[in-house]
Amino acid sequence: MHTRRKLPIGIQTLRDIREGGYYYVDKTPLIARLVDSGKHYFLSRPRRFGKSLLLDTIAAAFECRRELFDAHDGADGTAPRERLFLADHWHWAKPHPVIRLSFAEGRLEKREELDRHIRRQLREQAQRLGVTLEDPGDIPGSFAELITRAAEAYARQAVVLVDEYDKPILDNLEAPDIARAMREGLRNLYSVIKGRDADLRFVLLTGVSKFSKVSIFSGLNNLYDLTLDPEYGTVCGYTDEDIDTVFAPELRAAAAEGQALDREEIRRWYNGYRWGPTSVYNPFDVLLLLRSRQFRAHWFETGTPTFLVEWLRNRGFYTPQLERLIADDELLSAFDVDDIAVEAMLWQTGYLTIQRIEVCDGVREYELGVPNLEVRAALNRALLRAWLPQRPEGRMTDVVRMLRAADTDALRAHFQRLYASIPNDWYRNNPIAQYEGYYASVFYSHLASLGLDIVPEEVSNPGQCDLVIRHASRAWVIEFKVIDGEEPTGEAMRQLKAKDYAAKHRGAPGIHEVIELGVEFSRAKRQIVGWEVACA
């Protein structure tokens with residue numbers, strides 16, 4: 001692609017993209033493979049990853065809107081467009097009836113609102129497909145009837161596509177009774193699908209979370225979960241190749257206009273989400289970056305996860321674990337109103353991603369970590385606001401300058417001021433301040449919010465040190481201890497020396513100096529009392 005096009009920010013329909021002169025990353029080879037391989041699917045991806053556009057593209061194919069997939073010279077006034085893969089790899093003879101349900105818009109806060117929303121959509125779909133429903137008040141009966149009558153009217157099996165299938169539940173997780181009611185209402189709807197198998201050609205439900213089959217897909221055990229299928233790891237999101245080819249005109253234009261975007265910096269900020277062998281970028285981030293040419297937390301800023309932050313705080317989550325958590329298949333799927341694992345919540349919402357998969361004697365284990373700089377910095381800024389009652393004094397760049405100068409005395413004074421600024425009432429009234437990991441979590445989140453390079457292999461790994469920061473050709477190897485007394489014990493530094501955590505960083509590429517730092521927090525004084533530094 002040699003000419004610049006419009007950036008499809010917020011565009012979720014294939015027709016608008018293809019006729020409006022927008023960039024389009026062709027995912028239709030994966031769609032062709034998906035349809036040829038089976039017919040009942042489920043896909044979990046975080047918000048703003050292109051799930052709605054994927055569903056619209058599938059709908060356009062089954063509706064035989066071939067003109068959207070063919071090349072066009074723009075003679076009719078629409079923008080020229082290239083040929084998509086599916087144009088030559090689809091049966092275009094006769095359309096299938098497509099039933100589309102969506103819970104993406106708005107917020108439903110009562111079961112009655114959910115039922116009304118479902119009835120309205122079933123009624124609208126019936127009218128669009130030219131069929132009549134006998135009893136519109138009966139949700140499962142109407143859905144079953146809609147599928148069967150649509151298949152009969154078109155003399156072709158129906159297609160069911162559901163966008164954000166779980167949003168009514170996720171929107172109400174802070175009110176478990178309402179969330180349970182929403183879960184029952186949705187189960188009432190989705191339970192119909194398996195019984196209408198003979199009338200269905202293709203089914204795809206997409207959402208953020210992967211609720212257990214028992215809780216919401218009871219009876220619908222024929223859904224194949226695409227979420228971690230390596231063949232479809234890039235079905236949503238942009239790859240490095242997409243950035244370098246499809247969006248090459250934008251990168252050239254930015255450079256020509258004196259606003260060059262460093263390719264490695266783009267990767268560091270926004271790449272790193274992984275559901276298969278190839279990592280991907282959040283499309284929303286890439287598009288906003290190309291428009292503004294500013295590295296910012298574009299995705300994070302569109303929906304601050306207030307509930308998630310409060311949820312983590314109330315559970316006393318040890319924030320350094322964001323760099324490295326271990327989970328198995330069962331744990332990643334442990335998501336229900338009454339049983340939400342921290343690992344599952346963070347992974348499914350996109351704040352952690354799979355860094356590595358290890359299989360031993362048939363047992364699969366996942367190593368999870370933050371995907372990129374955007375998530376690390378923005379999420380920790382939000383967490384820091386939850387850990388601390390007020391914003392730390394001083395400029396964010398102060399700490400960076402101290403690290404660059406290896407000014408350990410200034411760093412100690414900075415963190416002591418930070419902890420001293422926490423009022424006594426905060427400790428008395430907030431259980432979060434009572435758990436042992438609080439001090440280290442504040443320390444970590446303060447540093448991580450600055451976008452510093454935190455080494456994931458070291459953090460929260462049993463038998464290894466608590467924190468490693470790489471900055472300005474220097475590695476800081478840090479160990480935390482919480483003590484009951486008011487005088488330092490030296491235990492943090494003794495452990496650093498005894499375990500020699502610094503060994504792997506000596507002589508490492510790009511590292512010219514290693515600094516060991518033992519930090520001790522006193523419960524009694526609620527302050528740093530031990531601060532030992534050694535060059536390793």
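It should be emphasised that the depicted structure is a prediction, and the values quoted were computed from it without experimental measurement.
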>> I need the minimum non-hydrogen distance between His414 and Val399, along with the two atoms involved.
In response: NE2-CG2, 3.2 Å

> How long is the gap from NZ on Lys497 to CD on Glu516, to the nearest 0.5 Å?
Replying inline: 4.0 Å

>> Show the nearest heavy-atom pair for residues Arg412 and Ile528, with the distance to one decimal.
In response: NH2-O, 4.4 Å

>> Closer than 4.0 angstrom, basic N to acidic O: yes or no for Arg401 and Asp398?
In response: yes

>> Between Leu467 and Leu517, is there a side-chain heavy-atom distance shorter than 4.5 Å?
In response: no

>> Distance check, rounded to the nearest 0.5 Å: Met402 atom CE versus Asp409 atom CG?
In response: 11.0 Å

> For the ring pair Phe284 and Phe49, is the centre-to-centre distance below 6.0 Å?
Replying inline: no

> Should Glu513 and Arg474 count as an ion pair when the cut-off is N to O under 4.0 Å?
Replying inline: yes

> Between atom OG of Ser209 and atom CD1 of Ile169, what is the distance when rounded to the nearest 0.5 Å?
Replying inline: 6.5 Å

> Does Arg45 count as lying over the ring of Trp275, i.e. NZ or CZ under 6.0 Å from the six-ring centre, within 45 degrees of the axis?
Replying inline: yes

> To the nearest 0.5 Å, what is the distance between CZ (Phe295) and CG (Asp285)?
Replying inline: 11.0 Å

>> Test of understanding: with side-chain hydrogen bond (donor to acceptor under 3.5 Å, both in side chains), list the residues that count as partners of Glu231, not counting sequence neighbours.
In response: Arg33

>> Using salt bridge (Lys or Arg N to Asp or Glu O under 4.0 Å), reason through Asp177 and Arg111 one step at a time and then give a plain yes or no.
In response: CA-CA 10 Å; Asp177 289 342; Arg111 170 66 186 273; over 6 Å; no

> Does any non-hydrogen side-chain atom of Leu43 lie less than 4.5 Å from one of Leu205?
Replying inline: no

> Where do Leu411 and Trp476 land on the side chain to side chain contact (heavy atoms under 4.5 Å, CB included) test, with the steps shown first?
Replying inline: CA-CA 12 Å; Leu411 271 175; Trp476 297 74; 3.8 Å; yes

> Between Asp407 and Ala410, what is the shortest heavy-atom contact and its length?
Replying inline: OD1-N, 3.1 Å

>> Would you say CD of Glu264 has more than 12 non-hydrogen atoms from neighbouring residues, nucleotides or ligands within 6.0 angstrom?
In response: yes

> Shortest non-hydrogen contact from Leu228 to Ile354?
Replying inline: CD2-CD1, 3.4 Å

>> Holding to side-chain contact (heavy atoms from CB on, under 4.5 Å), I want the full list of residues that pass it with Lys110, two or more places apart in sequence or in another chain.
In response: Glu112, Glu113

> Atom OG in Ser44, atom CG in Leu226: separation rounded to 0.5 Å?
Replying inline: 10.5 Å

>> Run the ring pair (Phe, Tyr, Trp, His ring centres under 6.0 Å) test against Phe415 and tell me which residues pass, sequence neighbours left out.
In response: Phe443, His446

>> Quick one, Val400 with Leu403, criterion side chain to side chain contact (heavy atoms under 4.5 Å, CB included). Give me CA distance, side-chain angles, the key distance, then yes/no.
In response: CA-CA 5 Å; Val400 177; Leu403 289 171; 5.8 Å; no

>> Please tell me whether Tyr281 and Trp299 form a close aromatic pair, meaning their ring centres lie under 6.0 Å apart.
In response: no

> Quick one: does Val468's side chain get under 4.5 Å of His505's, heavy atoms only?
Replying inline: yes

>> Set out, in order, the CA-CA distance, both residues' side-chain angles and the distance that settles side chain to side chain contact (heavy atoms under 4.5 Å, CB included) for Ile422 and Leu388, then state yes or no.
In response: CA-CA 7 Å; Ile422 304 173; Leu388 294 175; 3.5 Å; yes

> Do the side chain of Asn372 and the main chain of Ile266 share a donor and acceptor less than 3.5 angstrom apart?
Replying inline: no

>> Using every non-hydrogen atom in the two residues, find where Ile178 and Glu109 come nearest and quote the distance to one decimal.
In response: CG2-O, 3.5 Å

>> Please evaluate residues Asp328 and Arg364 with respect to the criterion salt bridge (Lys or Arg N to Asp or Glu O under 4.0 Å), reporting the C-alpha separation (whole Å), side-chain torsions for both, the decisive distance (0.1 Å), and the verdict.
In response: CA-CA 6 Å; Asp328 56 21; Arg364 187 180 300 268; over 6 Å; no

>> Is it the case that atom CD in Gln416 sees more than 12 heavy atoms from other parts of the structure closer than 6.0 Å?
In response: yes

> Which atom pair, heavy atoms only, marks the closest approach of Leu287 to Leu7?
Replying inline: O-CD1, 3.8 Å

> Below 4.0 angstrom, N of the basic side chain to O of the carboxylate: do Arg356 and Glu365 qualify?
Replying inline: no

>> Tell me whether Arg291 at atom CZ has more than 12 heavy atoms from other residues, nucleotides or ligands lying less than 6.0 Å away.
In response: no

>> In the structure I gave you, are the side-chain heavy atoms of Asp242 and Val286 within less than 4.5 Å of one another anywhere?
In response: no

>> Run Gln495 and Glu479 through side chain to side chain donor-acceptor pair (under 3.5 Å) and show every step you take.
In response: CA-CA 8 Å; Gln495 183 164 329; Glu479 182 70 18; 3.2 Å; yes

>> Under the criterion side chain to side chain donor-acceptor pair (under 3.5 Å), I'd like the reasoning laid out for Asn380 against Ser445: C-alpha separation, chi angles, the key distance, then a yes or no.
In response: CA-CA 5 Å; Asn380 276 288; Ser445 289; 2.8 Å; yes

> Has the side chain of Arg180 got a donor or acceptor atom that lies under 3.5 Å from a matching backbone atom of Arg183?
Replying inline: no

>> Within a 6.0 Å radius of atom CD on Gln259, are there more than 12 heavy atoms belonging to other residues, nucleotides or ligands?
In response: yes

> Can the ring centroids of Phe247 and Tyr23 be said to lie less than 6.0 angstrom from one another?
Replying inline: yes

> So do Leu251 and Ile243 actually touch side chain to side chain, heavy atoms under 4.5 Å?
Replying inline: yes

>> With side chain to side chain donor-acceptor pair (under 3.5 Å) as the criterion, how do Tyr224 and Asp229 come out once you've worked through the C-alpha distance, each side chain's angles and the decisive distance to 0.1 Å?
In response: CA-CA 10 Å; Tyr224 177 73; Asp229 188 314; 2.6 Å; yes

> For the ring-ring contact (aromatic ring centres under 6.0 Å, His included) test, which of Phe521, Tyr438, Trp387 pairs with Tyr419?
Replying inline: Phe521

>> Using 0.5 Å steps for rounding, measure from the OG1 atom of Thr349 to the CH2 atom of Trp311.
In response: 8.5 Å

>> Exactly one of Tyr165, Tyr232, Tyr190 should register a ring-ring contact (aromatic ring centres under 6.0 Å, His included) with Phe42. Which one does?
In response: Tyr165

> So do Tyr318 and Asp466 actually touch side chain to side chain, heavy atoms under 4.5 Å?
Replying inline: yes

>> My understanding is that only one of Leu322, Asp453, Val370 makes a side-chain contact (heavy atoms from CB on, under 4.5 Å) with Arg376; could you say which?
In response: Val370

>> Is there a side-chain contact between Leu308 and Leu312 in this structure, where contact means two heavy atoms from C-beta onward sitting under 4.5 Å apart?
In response: yes

> Does Lys6 count as lying over the ring of Tyr22, i.e. NZ or CZ under 6.0 Å from the six-ring centre, within 45 degrees of the axis?
Replying inline: yes

> Do the side chains of Leu186 and Pro168 get nearer than 4.5 Å, heavy atoms only?
Replying inline: yes

>> Tell me if the CZ atom of Arg263 is crowded by more than 12 foreign heavy atoms within 6.0 Å.
In response: yes

> After noting the C-alpha distance and the side-chain angles of Arg381 and Phe300, does the key distance pass the side chain to side chain contact (heavy atoms under 4.5 Å, CB included) rule?
Replying inline: CA-CA 11 Å; Arg381 277 196 292 271; Phe300 193 92; over 6 Å; no

> Does a side-chain N-to-carboxylate-O contact under 4.0 Å join Asp163 and Lys51?
Replying inline: no

